[in-house]
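The shown structure was predicted, so the numbers you read here are calculated from the model rather than taken from an experiment. Both counts, for ligands and for their atoms, begin at 1 and track the order of listing.
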Amino acid sequence: MDLIERPRRLRRTPAIRSLVRETTLHPNDLIYPLFVKEGIGLREPIESMPGQFRLSIDELVAECLEVWDLGIPAVNLFGYCNKKDALGSEAFNPDGLIQQAVSALKDAVPQICVQTDVALDPYTTHGHDGLVMDDEIVNDESVEVLCQQAVSHANAGVDWVAPSDMMDGRIGAIRDALDAEGHTDVGILAYSAKYASCFYGPFRGALESTPSKMDKKTYQMAPENVREAIREVQLDVEEGADVVMVKPALAYLDVIRVVREEVDVPVAAYNVSGEYGMILAAAEKGWVDRDQAMMECLTAIKRAGADMILTYFAKDAARLLSS
Ligand code: PBG
């Protein structure tokens, strides 16, 4: 054939392919989500998330040393709460589990960027991210509690708080509350475009936080919408978000792409529990190769425009990348 263009020339050898690679994944793109539970020496397997554990604080410290050694710069902490009440009081207890975990971690592994989830769902009996009054998830009252929660994490020494609750106006309110307490250096990783997704199922098993009544559709976004995501992201940036997040990641790659083009702040994406579970389950059946599927999905999230990825695969991916 008389061809001038032969794209295959640039695919001929591994060396050439490495020269023309457009997207590269690196351990320092990754954030490892971790679950903390009361106890000592506790490393409790999470049934709905094979390979993930609920860790007591001592085990969490050991885990984070390993995570840091793998080149992963950040962890994002979720608390398993056994003192749930209607108001989520444990969320802002200055001596609460997460608060203790943060200060222990900042003592033992000060280099690592410690991030905490800000939302009430693990702490409330009803499992909602905000307060419930007369069968309604109320906004402004919830934001007040979320501010207290964020400040309590900041007092414990957290690097970034990550509000995942999707209440209106909470980024600005949390920024003000942090600043008023002198925490001007604490960053906000805003779950800006968080969709009402079935892919959170395994995570809710990990924290026993499945809502007891009503769903989350009055605060989390409808999967059909993308303009609304841009609006949410713009509002969060105006209110002071340092980083904005799209969640979940794999079913929302187009959203990651438009958000990346819309704002100048870094964009995070959350490769959530159900996305993790799908790969594990298919690999167990022998239908896909676990490591290849993991790397292909993480690369796709990066290619879509994410600067950083929260993923339960963080350690496995970092190991693979450095081997
Ligand atoms: C709740 C929260 C959820 C996740 C992170 N924070 C679940 C929910 O909104 O119900 C899900 C993470 C995952 O599925 O991996 N504040």
Side-chain angles (χ1 to χ4, degrees), residues 30-36 46-54 74-81 84 88 90-92 98 115-132 137 139 142-143 145-146 149-150 153 160-167 170-171 174 188-223 232 244-252 268-281 294 297-298 301 306 308-314:
L30 307 174
I31 298 169
Y32 191 36
L34 284 166
F35 299 92
V36 195
I46 299 171
E47 233 174 282
S48 54
M49 300 174 67
Q52 307 302 315
F53 301 84
R54 297 183 196 93
V75 291
N76 196 299
L77 307 182
F78 295 93
Y80 174 93
C81 180
K84 299 176 197 268
E90 196 55 24
F92 51 90
I98 281 291
Q115 312 172 357
T116 47
D117 188 62
V118 171
L120 301 184
D121 49 312
Y123 305 97
T124 50
T125 38
H126 47 70
H128 281 287
D129 295 42
L131 300 175
V132 178
I137 295 102
N139 194 85
S142 299
V143 170
V145 183
L146 296 164
Q149 186 183 19
H153 295 177
W160 290 1
V161 289
S164 67
D165 53 283
M166 287 297 279
M167 296 300 125
R170 91 278 203 214
I171 299 302
I174 289 173
I188 302 179
L189 165 59
Y191 285 67
S192 301
K194 178 174 179 181
Y195 287 87
S197 167
C198 74
F199 292 111
Y200 309 150
F203 171 99
R204 293 178 187 169
L207 296 183
E208 293 178 25
S209 61
T210 305
S212 56
K213 57 175 182 181
M214 303 184 289
D215 56 36
K216 297 195 175 187
K217 289 180 186 166
T218 62
Y219 46 111
Q220 299 181 349
M221 287 179 47
E232 284 283 7
V244 294
M245 194 188 326
V246 175
K247 173 188 178 183
L250 290 174
Y252 299 86
Y270 201 144
N271 179 215
V272 299
S273 56
E275 300 175 330
Y276 172 76
M278 284 197 296
I279 291 182
L280 261 55
M294 161 181 87
C297 286
L298 292 174
I301 298 167
M308 58 192 95
I309 306 171
L310 285 89
T311 178
Y312 304 101
F313 286 122

For the side chain of [X] and the backbone of [Y], is there at least one donor-acceptor N/O pair under 3.5 Å apart?
| X | Y | value |
| --- | --- | --- |
| Y312 | P50 | no |
| Y195 | A251 | no |
| Q115 | L189 | no |
| S48 | P202 | yes |

Which of the numbered atoms in ligand 1 are below 4.0 angstrom from a heavy atom of [X]?
| X | result |
| --- | --- |
| K194 | 1 (C), 2 (C), 3 (C), 6 (N), 8 (C), 9 (O), 16 (N) |
| D117 | 6 (N), 16 (N) |
| Y312 | 12 (C), 13 (C), 15 (O) |
| K216 | 8 (C), 9 (O), 10 (O) |
| F199 | 14 (O) |
| D129 | 1 (C), 16 (N) |
| A119 | 16 (N) |

(request) Apply the side-chain contact (heavy atoms from CB on, under 4.5 Å) test between I31 and each candidate in N271, N76, T311, I309; give the one that qualifies. (result) N76

(request) Tell me which protein heavy atom sits closest to atom 16 (N) of ligand 1, plus the residue, atom name and distance to 0.1 Å. (result) S164 OG, 2.7 Å

(message) Is the positively charged end of K194 above the ring of Y270, judged by distance under 6.0 angstrom from the centroid and angle within 45° of the axis?
(response) no

(request) Answer yes if the side chains of E232 and Y191 hold a donor-acceptor pair under 3.5 Å, and no otherwise. (result) no

(message) Heavy-atom contact check, 4.0 Å cutoff: does K247 meet ligand 1?
(response) yes

(request) Decide whether an N or O pair under 3.5 Å exists between S273 and ligand 1. (result) yes

For ligand 1, note which part of [X] has a heavy atom under 4.0 Å away: side chain, backbone, both or neither.
| X | answer |
| --- | --- |
| D165 | neither |
| D121 | side chain |
| Y276 | neither |

(message) Set out, in order, the CA-CA distance, both residues' side-chain angles and the distance that settles side chain to side chain contact (heavy atoms under 4.5 Å, CB included) for L310 and M245, then state yes or no.
(response) CA-CA 10 Å; L310 285 89; M245 194 188 326; 3.9 Å; yes

(message) Are more than 12 heavy atoms, taken from residues, nucleotides or ligands other than Y80, located less than 6.0 Å from that residue's OH atom?
(response) yes

